[in-house]
Amino acid sequence: MNLFTLIGPAVGILGLLAAYYFFRYNKERKRLAIEVDSSKLVAEKMYALPEKISVQYDQITVVDPYIVTIQLVNSGKRDVSSKDFDGDKPLAVDLKTKIVALLHTDSESLDVELDPSRVLVAPTLLVRGSSYVINVLVDGMPEVSFEKNRLIETDVLSGDELENRLQKRSRQLRLGSTACLAVMVAALMGMVVVAAIESGDDSDARRGAQREFELVLNSDSSIPSYRSDLKTAQERVVAAQENSGPGASKPFSVVLVVYLISGFVGVGLTVMSTRAKKKMKSHRILGRGPYHRRR
(Lines give C-alpha, C1' and ligand atoms only; values in the text may rest on other atoms or scores of the structure.)
Protein backbone atom coordinates (compact mmCIF):
# COMPACT_ATOMS: atom_id res chain seq x y z
CA MET A 1 0.00 0.00 0.00
CA ASN A 2 1.65 3.27 -1.12
CA LEU A 3 1.70 6.60 0.68
CA PHE A 4 -1.01 8.23 -1.46
CA THR A 5 -3.39 5.36 -0.83
CA LEU A 6 -2.72 5.72 2.88
CA ILE A 7 -3.11 9.49 3.14
CA GLY A 8 -6.01 9.80 0.68
CA PRO A 9 -8.82 8.77 3.08
CA ALA A 10 -7.49 11.09 5.79
CA VAL A 11 -7.39 14.04 3.40
CA GLY A 12 -10.91 13.27 2.19
CA ILE A 13 -12.36 13.12 5.71
CA LEU A 14 -10.55 16.32 6.73
CA GLY A 15 -11.96 17.99 3.61
CA LEU A 16 -15.49 17.01 4.65
CA LEU A 17 -14.88 18.37 8.16
CA ALA A 18 -13.57 21.65 6.73
CA ALA A 19 -16.56 21.95 4.39
CA TYR A 20 -18.92 21.41 7.33
CA TYR A 21 -17.09 24.06 9.39
CA PHE A 22 -17.32 26.69 6.66
CA PHE A 23 -20.98 25.81 6.07
CA ARG A 24 -21.71 26.39 9.75
CA TYR A 25 -19.62 29.58 9.66
CA ASN A 26 -21.66 31.04 6.80
CA LYS A 27 -24.95 30.02 8.43
CA GLU A 28 -24.06 31.35 11.87
CA ARG A 29 -26.16 34.29 13.05
CA LYS A 30 -24.69 37.61 14.00
CA ARG A 31 -24.36 38.31 17.72
CA LEU A 32 -24.55 41.45 19.85
CA ALA A 33 -24.19 41.49 23.63
CA ILE A 34 -25.60 44.24 25.83
CA GLU A 35 -24.36 44.60 29.37
CA VAL A 36 -25.31 47.25 31.91
CA ASP A 37 -23.21 48.14 34.92
CA SER A 38 -24.49 50.54 37.58
CA SER A 39 -22.68 52.40 40.36
CA LYS A 40 -24.44 54.22 43.18
CA LEU A 41 -23.02 57.72 43.72
CA VAL A 42 -24.24 58.37 47.26
CA ALA A 43 -23.73 55.90 50.09
CA GLU A 44 -26.74 54.87 52.16
CA LYS A 45 -25.38 56.62 55.27
CA MET A 46 -25.45 59.97 53.46
CA TYR A 47 -29.25 59.91 53.35
CA ALA A 48 -29.31 60.58 57.08
CA LEU A 49 -28.76 64.26 56.17
CA PRO A 50 -31.10 64.79 53.21
CA GLU A 51 -31.58 68.53 53.76
CA LYS A 52 -27.89 69.33 54.05
CA ILE A 53 -26.48 67.19 51.23
CA SER A 54 -27.89 66.86 47.72
CA VAL A 55 -26.64 65.92 44.25
CA GLN A 56 -27.34 68.23 41.33
CA TYR A 57 -26.61 68.00 37.63
CA ASP A 58 -27.07 71.12 35.53
CA GLN A 59 -29.25 72.61 38.30
CA ILE A 60 -31.37 69.41 38.40
CA THR A 61 -31.57 67.74 41.81
CA VAL A 62 -30.96 64.00 41.64
CA VAL A 63 -32.43 62.19 44.64
CA ASP A 64 -30.95 58.70 44.07
CA PRO A 65 -28.10 59.10 41.57
CA TYR A 66 -26.57 56.16 39.67
CA ILE A 67 -23.94 56.15 36.95
CA VAL A 68 -24.96 53.54 34.40
CA THR A 69 -22.50 52.09 31.88
CA ILE A 70 -24.01 50.39 28.85
CA GLN A 71 -21.61 48.29 26.81
CA LEU A 72 -22.47 46.98 23.35
CA VAL A 73 -20.17 44.18 22.19
CA ASN A 74 -20.24 42.64 18.71
CA SER A 75 -19.02 39.20 19.77
CA GLY A 76 -20.01 37.50 16.51
CA LYS A 77 -17.98 36.74 13.42
CA ARG A 78 -19.58 39.38 11.18
CA ASP A 79 -20.33 43.10 11.32
CA VAL A 80 -23.77 44.33 12.32
CA SER A 81 -24.70 46.95 9.74
CA SER A 82 -27.27 49.71 9.86
CA LYS A 83 -29.44 47.60 7.53
CA ASP A 84 -29.75 44.98 10.28
CA PHE A 85 -31.85 47.34 12.41
CA ASP A 86 -35.43 46.18 11.88
CA GLY A 87 -37.54 48.87 10.25
CA ASP A 88 -34.66 51.33 10.61
CA LYS A 89 -35.71 51.70 14.25
CA PRO A 90 -33.20 52.36 17.05
CA LEU A 91 -32.00 49.74 19.49
CA ALA A 92 -33.60 50.62 22.83
CA VAL A 93 -32.20 49.79 26.26
CA ASP A 94 -34.86 50.45 28.90
CA LEU A 95 -33.44 51.26 32.35
CA LYS A 96 -36.93 51.60 33.93
CA THR A 97 -35.87 54.69 35.85
CA LYS A 98 -35.56 58.40 35.11
CA ILE A 99 -32.59 59.27 32.88
CA VAL A 100 -31.05 62.61 33.84
CA ALA A 101 -28.27 63.05 31.27
CA LEU A 102 -26.00 61.41 28.70
CA LEU A 103 -22.48 61.66 30.13
CA HIS A 104 -20.24 60.01 27.58
CA THR A 105 -19.96 57.79 24.52
CA ASP A 106 -16.60 56.34 23.46
CA SER A 107 -17.37 56.26 19.73
CA GLU A 108 -18.29 59.08 17.37
CA SER A 109 -20.14 56.58 15.19
CA LEU A 110 -22.82 56.07 17.85
CA ASP A 111 -25.85 58.31 17.55
CA VAL A 112 -27.44 58.10 21.00
CA GLU A 113 -30.72 59.70 22.05
CA LEU A 114 -32.59 59.62 25.35
CA ASP A 115 -36.21 59.48 26.32
CA PRO A 116 -37.47 59.46 29.93
CA SER A 117 -36.24 55.93 30.74
CA ARG A 118 -34.61 54.53 27.58
CA VAL A 119 -31.28 54.85 25.80
CA LEU A 120 -31.83 54.76 22.04
CA VAL A 121 -28.99 53.74 19.69
CA ALA A 122 -29.72 54.77 16.10
CA PRO A 123 -28.95 52.33 13.22
CA THR A 124 -25.20 52.24 12.70
CA LEU A 125 -22.28 49.94 11.88
CA LEU A 126 -21.13 47.78 14.80
CA VAL A 127 -17.83 46.21 13.78
CA ARG A 128 -17.17 42.59 14.77
CA GLY A 129 -14.92 42.23 17.80
CA SER A 130 -15.54 45.84 18.84
CA SER A 131 -17.22 47.22 21.96
CA TYR A 132 -19.03 50.53 22.43
CA VAL A 133 -19.58 52.21 25.81
CA ILE A 134 -22.32 54.65 26.82
CA ASN A 135 -22.45 56.38 30.21
CA VAL A 136 -25.63 57.98 31.55
CA LEU A 137 -26.77 59.51 34.85
CA VAL A 138 -30.07 58.21 36.22
CA ASP A 139 -32.24 58.89 39.25
CA GLY A 140 -33.02 55.54 40.90
CA MET A 141 -31.71 51.97 40.67
CA PRO A 142 -31.89 50.78 37.05
CA GLU A 143 -33.63 47.56 35.97
CA VAL A 144 -32.55 46.67 32.47
CA SER A 145 -34.61 45.30 29.60
CA PHE A 146 -34.23 45.34 25.82
CA GLU A 147 -35.88 43.82 22.76
CA LYS A 148 -34.02 40.70 21.68
CA ASN A 149 -35.62 40.65 18.23
CA ARG A 150 -34.78 44.23 17.31
CA LEU A 151 -31.92 43.28 14.96
CA ILE A 152 -32.45 41.11 11.87
CA GLU A 153 -30.79 37.65 11.94
CA THR A 154 -28.84 38.74 15.00
CA ASP A 155 -28.85 37.25 18.48
CA VAL A 156 -29.10 40.05 21.02
CA LEU A 157 -27.85 38.75 24.36
CA SER A 158 -27.23 40.00 27.85
CA GLY A 159 -23.70 39.86 29.21
CA ASP A 160 -24.57 36.80 31.32
CA GLU A 161 -25.96 34.99 28.28
CA LEU A 162 -22.83 35.77 26.28
CA GLU A 163 -20.64 34.58 29.14
CA ASN A 164 -22.58 31.31 29.39
CA ARG A 165 -22.34 30.73 25.62
CA LEU A 166 -18.60 31.35 25.45
CA GLN A 167 -17.89 29.26 28.52
CA LYS A 168 -20.01 26.40 27.15
CA ARG A 169 -18.21 26.60 23.81
CA SER A 170 -14.83 26.63 25.55
CA ARG A 171 -15.77 23.56 27.60
CA GLN A 172 -16.98 21.70 24.52
CA LEU A 173 -13.78 22.48 22.63
CA ARG A 174 -11.63 21.34 25.57
CA LEU A 175 -13.60 18.09 25.83
CA GLY A 176 -13.27 17.57 22.08
CA SER A 177 -9.52 18.11 22.09
CA THR A 178 -9.16 15.79 25.10
CA ALA A 179 -11.19 13.11 23.31
CA CYS A 180 -8.99 13.47 20.21
CA LEU A 181 -5.90 13.09 22.39
CA ALA A 182 -7.34 9.91 23.89
CA VAL A 183 -8.09 8.56 20.41
CA MET A 184 -4.54 9.39 19.29
CA VAL A 185 -3.05 7.51 22.25
CA ALA A 186 -5.33 4.52 21.61
CA ALA A 187 -4.48 4.56 17.88
CA LEU A 188 -0.76 4.79 18.64
CA MET A 189 -1.00 1.79 20.95
CA GLY A 190 -3.02 -0.02 18.28
CA MET A 191 -0.32 0.65 15.68
CA VAL A 192 2.33 -0.76 18.01
CA VAL A 193 0.29 -3.93 18.61
CA VAL A 194 -0.59 -4.40 14.93
CA ALA A 195 3.02 -3.76 13.89
CA ALA A 196 4.24 -6.36 16.40
CA ILE A 197 1.75 -8.97 15.19
CA GLU A 198 2.45 -8.23 11.54
CA SER A 199 6.20 -8.34 12.12
CA GLY A 200 5.94 -11.94 13.32
CA ASP A 201 3.62 -12.89 10.46
CA ASP A 202 5.89 -11.19 7.91
CA SER A 203 8.93 -13.03 9.21
CA ASP A 204 7.16 -16.36 8.87
CA ALA A 205 5.98 -15.47 5.35
CA ARG A 206 9.47 -14.38 4.24
CA ARG A 207 11.09 -17.49 5.67
CA GLY A 208 8.50 -19.73 4.02
CA ALA A 209 8.96 -18.08 0.63
CA GLN A 210 12.74 -18.28 0.97
CA ARG A 211 12.61 -21.98 1.86
CA GLU A 212 10.34 -22.68 -1.09
CA PHE A 213 12.74 -20.81 -3.40
CA GLU A 214 15.73 -22.80 -2.09
CA LEU A 215 13.87 -26.09 -2.54
CA VAL A 216 13.06 -25.27 -6.15
CA LEU A 217 16.58 -23.96 -6.75
CA ASN A 218 18.12 -27.22 -5.44
CA SER A 219 15.66 -29.47 -7.24
CA ASP A 220 16.33 -31.34 -10.48
CA SER A 221 16.97 -28.69 -13.13
CA SER A 222 16.17 -31.13 -15.89
CA ILE A 223 12.49 -31.06 -15.06
CA PRO A 224 10.63 -29.15 -17.83
CA SER A 225 8.83 -26.96 -15.29
CA TYR A 226 12.03 -26.07 -13.42
CA ARG A 227 12.41 -22.57 -14.88
CA SER A 228 8.76 -21.62 -14.39
CA ASP A 229 8.73 -23.01 -10.82
CA LEU A 230 11.93 -21.12 -10.02
CA LYS A 231 10.49 -17.88 -11.42
CA THR A 232 7.28 -18.34 -9.42
CA ALA A 233 9.21 -18.99 -6.18
CA GLN A 234 11.39 -15.93 -6.78
CA GLU A 235 8.29 -13.76 -7.30
CA ARG A 236 6.87 -15.03 -4.02
CA VAL A 237 10.06 -14.02 -2.22
CA VAL A 238 9.89 -10.52 -3.72
CA ALA A 239 6.17 -10.22 -2.86
CA ALA A 240 6.78 -11.33 0.73
CA GLN A 241 9.50 -8.70 1.10
CA GLU A 242 7.32 -5.94 -0.39
CA ASN A 243 4.35 -6.82 1.80
CA SER A 244 6.40 -6.84 5.00
CA GLY A 245 6.94 -3.97 7.42
CA PRO A 246 4.62 -1.42 9.13
CA GLY A 247 1.86 0.01 6.97
CA ALA A 248 1.80 -2.90 4.55
CA SER A 249 -1.52 -4.28 5.79
CA LYS A 250 -4.99 -2.82 5.80
CA PRO A 251 -5.47 -2.92 9.63
CA PHE A 252 -2.31 -0.92 10.21
CA SER A 253 -3.31 1.61 7.54
CA VAL A 254 -6.77 2.08 9.05
CA VAL A 255 -5.33 2.70 12.51
CA LEU A 256 -2.79 5.14 11.06
CA VAL A 257 -5.55 7.08 9.27
CA VAL A 258 -7.51 7.31 12.54
CA TYR A 259 -4.36 8.56 14.27
CA LEU A 260 -3.76 11.25 11.63
CA ILE A 261 -7.37 12.44 11.58
CA SER A 262 -7.64 12.63 15.36
CA GLY A 263 -4.35 14.54 15.44
CA PHE A 264 -5.46 17.14 12.89
CA VAL A 265 -8.89 17.54 14.50
CA GLY A 266 -7.35 17.77 17.97
CA VAL A 267 -4.97 20.53 16.87
CA GLY A 268 -7.88 22.42 15.28
CA LEU A 269 -10.03 22.14 18.41
CA THR A 270 -7.13 23.28 20.59
CA VAL A 271 -6.61 26.37 18.41
CA MET A 272 -10.34 27.15 18.53
CA SER A 273 -10.39 26.71 22.32
CA THR A 274 -7.46 29.12 22.67
CA ARG A 275 -9.27 31.66 20.52
CA ALA A 276 -12.43 31.28 22.60
CA LYS A 277 -10.45 32.00 25.78
CA LYS A 278 -8.88 35.07 24.17
CA LYS A 279 -12.32 36.28 23.13
CA MET A 280 -13.60 35.85 26.68
CA LYS A 281 -10.65 37.84 28.02
CA SER A 282 -11.03 40.53 25.35
CA HIS A 283 -14.67 40.95 26.39
CA ARG A 284 -13.55 41.00 30.03
CA ILE A 285 -15.78 38.09 30.96
CA LEU A 286 -13.09 36.31 32.98
CA GLY A 287 -12.73 38.05 36.33
CA ARG A 288 -14.40 41.20 37.54
CA GLY A 289 -15.33 43.75 34.93
CA PRO A 290 -18.23 45.52 33.19
CA TYR A 291 -19.95 42.20 32.64
CA HIS A 292 -20.58 41.88 36.37
CA ARG A 293 -23.20 44.18 37.85
CA ARG A 294 -22.43 46.09 41.01
CA ARG A 295 -25.36 46.76 43.28
Side-chain angles (χ1 to χ4, degrees), residues 18-38 68-97 99 101-136 138 142-170 172-173 271-273 275-286 289-293:
Y20 174 75
Y21 172 79
F22 286 111
F23 174 79
R24 287 290 305 272
Y25 176 85
N26 291 328
K27 290 293 183 179
E28 188 170 345
R29 289 167 58 88
K30 300 177 182 180
R31 186 169 58 203
L32 180 70
I34 301 176
E35 181 59 19
V36 177
D37 181 39
S38 60
V68 178
T69 299
I70 301 172
Q71 188 175 24
L72 308 178
V73 180
N74 185 345
S75 61
K77 298 178 180 179
R78 292 181 288 170
D79 296 341
V80 175
S81 69
S82 58
K83 297 180 180 179
D84 294 319
F85 286 70
D86 188 19
D88 203 30
K89 296 179 181 179
L91 177 65
V93 180
D94 193 350
L95 302 180
K96 299 186 183 302
T97 189
I99 298 177
L102 173 65
L103 301 178
H104 172 73
T105 60
D106 70 344
S107 174
E108 296 181 355
S109 64
L110 286 184
D111 183 7
V112 179
E113 295 182 0
L114 306 175
D115 70 8
S117 66
R118 299 187 304 166
V119 177
L120 306 176
V121 180
T124 187
L125 174 65
L126 303 174
V127 181
R128 67 171 184 169
S130 299
S131 63
Y132 306 84
V133 177
I134 304 168
N135 293 318
V136 296
V138 302
E143 296 182 5
V144 184
S145 68
F146 50 84
E147 295 181 78
K148 294 191 174 184
N149 59 351
R150 172 54 59 200
L151 301 180
I152 300 173
E153 294 186 357
T154 302
D155 293 330
V156 181
L157 312 171
S158 68
D160 292 336
E161 290 171 329
L162 174 61
E163 178 179 359
N164 291 335
R165 280 197 180 190
L166 292 179
Q167 288 183 346
K168 180 179 178 181
R169 179 176 176 81
S170 180
Q172 290 174 340
L173 291 172
V271 172
M272 293 171 65
S273 177
R275 290 181 177 178
K277 290 180 180 179
K278 288 182 178 179
K279 181 177 289 188
M280 292 172 70
K281 290 180 180 179
S282 67
H283 296 331
R284 290 178 286 182
I285 290 177
L286 296 179
Y291 279 92
H292 300 267
R293 293 184 180 86

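Only heavy atoms go into these numbers, but all of them, side chains included; no hydrogens, no water, no symmetry mates. Computed from a prediction, not measured in an experiment: that's the story for all the values here.
- In terms of heavy atoms, Leu91 sits closest to Phe85 at CB-CE2, 3.9 Å.
- Of all the heavy atoms in Glu35 and Ser158, the pair that sits closest is OE1-C, 4.3 Å.
- The side chain to side chain donor-acceptor pair (under 3.5 Å) check on Thr97 picks up nothing, with sequence neighbours excluded.
- One finds the CD1 atom of Ile152 at 11.0 Å from the NZ atom of Lys83 (value rounded to the nearest 0.5 Å).
- Between Pro142 and Ser38, the shortest heavy-atom distance links the atoms CG-CB, 3.7 Å.
- The side-chain heavy atoms of Ser117 and Asp94, taken from C-beta on, include a pair separated by under 4.5 Å.
- At distances below 3.5 Å, at least one donor-acceptor pair connects side-chain atoms of Arg128 with backbone N or O atoms of Lys77.
- Taking the side chain as every heavy atom from C-beta outward, Leu114 and Val119 approach each other to under 4.5 Å.
- Side chain of Asn164 to main chain of Glu161: no donor-acceptor pair is present (N/O by atom type, distance under 3.5 Å, no hydrogens or angles).
- Atoms OG1 and CZ, from Thr154 and Arg78 in turn, are 8.0 Å apart once rounded to the nearest 0.5 Å.
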Exercise. Check the pair Leu95 / Val144 against side-chain contact (heavy atoms from CB on, under 4.5 Å), numbers first and verdict last.
Key: CA-CA 5 Å; Leu95 302 180; Val144 184; 4.3 Å; yes
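- At distances below 3.5 Å, at least one donor-acceptor pair connects side-chain atoms of Lys30 with backbone N or O atoms of Asp79.
- Looking at Val68 and Asn135, their side chains never come closer than 4.5 Å, going by heavy atoms from C-beta outward.
- Counting all heavy atoms, side chain and backbone alike, Ala92 lies closest to Arg118 at CB-NH1, 3.8 Å.
- Between Glu153 and Arg29, the closest heavy-atom pair is CA-NH1, 3.6 Å.
- Considering only heavy atoms from C-beta on, Ile134 comes within 4.5 Å of Val121 through its side chain.
- The shortest non-hydrogen separation linking Thr105 to Val112 is CG2-CG2, 3.9 Å.
- Separating the CG atom in Leu126 from the CG atom in Leu151 is a distance of 7.5 Å, to the nearest 0.5 Å.
- In this structure, the side chains of Gln71 and Asp37 stay at 4.5 Å or more apart for every pair of heavy atoms.
- Across Leu120, Thr124, Asp111, a single residue satisfies side-chain contact (heavy atoms from CB on, under 4.5 Å) together with Pro90, and that is Leu120.
- Under the side chain to side chain donor-acceptor pair (under 3.5 Å) criterion, Asp88 pairs with no residue, sequence neighbours left out.
- Residues Val127 and Tyr132 have side chains in contact (heavy-atom distance under 4.5 Å, counting atoms from C-beta outward).
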